[in-house]
Amino acid sequence: MKVVTIVGARPQFVKAAAVSRAIRRAARSTIREVIVHTGQHYDKALSASFFQDLQLARPAHNLEAGSGSATAQVSRMMARMERVVIQEAPDIVMTYGDTNSTLAGALVAAQVGLPSAHVEAGLRSHRLDMPEEINRLVADRLATLLFAPSEIAVENLEREGIREGVVRTGDVMRDVLDWRLGKLGDTRLVPAQFSVSEREYAVATVHRAGNTDDPDRLGAIFRALDRLSTHVPVIVPLHPRTRHALHHGRWSGDLRILDPLPYGQMIGLVRHARIVLTDSGGLQKEACWLGVPCVTLRSETEWLETVETGWNVLADVDPEAIVEAALREPPTTPCDLYGDGHAAERVVSVLTAWSGP
Ligand code: UD1
């Protein structure tokens, strides 16, 4: 069986690494994988460093789609991807998550008449003004195989009339976290590399278009981070899109803006933080798994269970709510959500047993 894997943005390198590794490790795997990089993320810190850190095979094709409006970006990806997919003639196209690369992959597979499989199916924010929600809806509607990370995700699909091909696997990001942590050794040494002490610092990330492209929201977030940084140092590995949007650079507290970190270093740093503040989907779960309370800089989340367990608080961009949530006491029960770290193996066994649409 031949699989074409479409990736292009940072979180997809993480998710695809889990499945790719499970394909290589499966004892009776008959799957051959060809990785196609759309080029959506092209900075070394967002792309090459992740391939290296996660031991992901070099892409066989890079479409070099680059930046631009969603329409321009997706249409460039699609035109170039169509040629590659026809040339590779896979049995199935794999897409991951909810980025513009996911959308391009799902549409191209459908247009050329190939089945697609969607990893991280069924997540919903119920907000059609988010590009990610549009991308998820399309990818799920067009997919033949839908790998859902949670029961809520399965129920979301059911409500949309999608039942066939849905498999609850757990979250492949958990697999990657377990594997990478296992290789990191003693992560207690990581905070010192950033001149901070265990449990006495915050880690924050901001990159969603809904936050970065709205100066009022971005201003409010950084006012809150600055205020928090008068209590604890706040380390902010910043996405290039946010750096472009952020003009203000004078802070009253200890706010440290850095380039994005490689995956291993990031999870090592997060593991010993007092608090995580983020608008990323992946980091909400990683914080929870690592036993670090999270403040989500949005008004809603696709990962509702993290809020129900108390590990995550939705503070949106209200500076007071953000600082208060950041300084709260953590829950006492461990976060045990989204599977057992073997989600990718389930994906691979479903693919192996699959006999076509
Ligand atoms: C994308 C995903 C988002 C995901 C995020 C992870 C979509 C709609 N959004 O957002 O769901 O959580 O990736 O990082 O697909 N840029 C660079 N260098 C790069 C890549 C981007 O400077 O390597 C800048 C460019 O100015 C670009 C902007 O960031 O215009 C936005 O990039 P884009 O890839 O469109 O979306 P992300 O914000 O990264």
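First listed ligand is number 1; within each ligand, the first listed atom is number 1. These numbers come from a predicted model, not from an experiment.
Of all atoms in ligand 1, listed by their number and element, those nearer than 4.0 Å to a heavy atom of L46 are 19 (C), 20 (C), 23 (O). Below 4.0 Å from some heavy atom of D98 lie the following atoms of ligand 1, by number and element: 11 (O). For ligand 1, the atoms closer than 4.0 angstrom to any heavy atom of P11 are 6 (C). Of all atoms in ligand 1, numbered sequentially from 1 with element shown, those under 4.0 Å from a heavy atom of H207 are 4 (C), 5 (C), 6 (C), 12 (O), 38 (O). Those atoms of ligand 1 with a heavy atom of Q40 less than 4.0 angstrom away are 1 (C), 7 (C), 15 (O), 20 (C), 33 (P), 34 (O), 35 (O), 36 (O). Within ligand 1, counting atoms from 1 as listed, the ones closer than 4.0 Å to a heavy atom of R10 are 14 (O). When each atom of ligand 1 is checked for a heavy atom of P240 under 4.0 Å away, the hits are 17 (C), 18 (N), 22 (O). When each atom of ligand 1 is checked for a heavy atom of E132 under 4.0 Å away, the hits are 3 (C), 9 (N), 11 (O).
Sulfur-sulfur distance for C294 and C288: not below 2.5 Å, with no disulfide indicated.
Protein heavy atom nearest atom 17 (C) of ligand 1, with residue, atom name and distance: Y42 OH, 3.3 Å. Given atom 2 (C) of ligand 1, the protein heavy atom at minimum distance is T99 CG2, 3.8 Å. Scanning the protein for heavy atoms near atom 14 (O) of ligand 1, the closest one is H41 CE1, 3.1 Å.
Note: an N/O pair closer than 3.5 Å links N100 and ligand 1 by distance alone.
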### Task
Could you walk me through whether F13 and F51 pass ring pair (Phe, Tyr, Trp, His ring centres under 6.0 Å), step by step?
CA-CA 7 Å; F13 309 140; F51 276 78; 4.9 Å; yes
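Side chains of S47 and H37: a donor-acceptor N/O pair is present below 3.5 angstrom, by distance only. Side chains of E33 and S20: a donor on one and an acceptor on the other come within 3.5 Å.
With respect to the salt-bridge test (charged N to carboxylate O, under 4.0 angstrom), the residues E286 and R174 do not qualify. Note on R274 versus E200: no salt bridge recorded, every NZ/NE/NH1/NH2 to OD/OE distance being 4.0 Å or above.
Of the options S101, P260, A9, S67, the smallest heavy-atom separation from atom 27 (C) of ligand 1 is shown by S67. Comparing R136, H244, R243, R241 against atom 38 (O) of ligand 1, the shortest heavy-atom distance belongs to R241.
A 4.5 Å side-chain heavy-atom check between V190 and R271 finds every atom pair outside the cut-off. Residues V234 and Y201 fail the side-chain proximity criterion, which asks for heavy atoms closer than 4.5 Å. Looking at R159 and R124, their side chains never come closer than 4.5 Å, going by heavy atoms from C-beta outward. Counting only heavy atoms from C-beta outward, the side chains of K15 and E120 approach each other to under 4.5 Å.
Under the 4.0 angstrom criterion for non-hydrogen atoms, A209 is not in contact with ligand 1.
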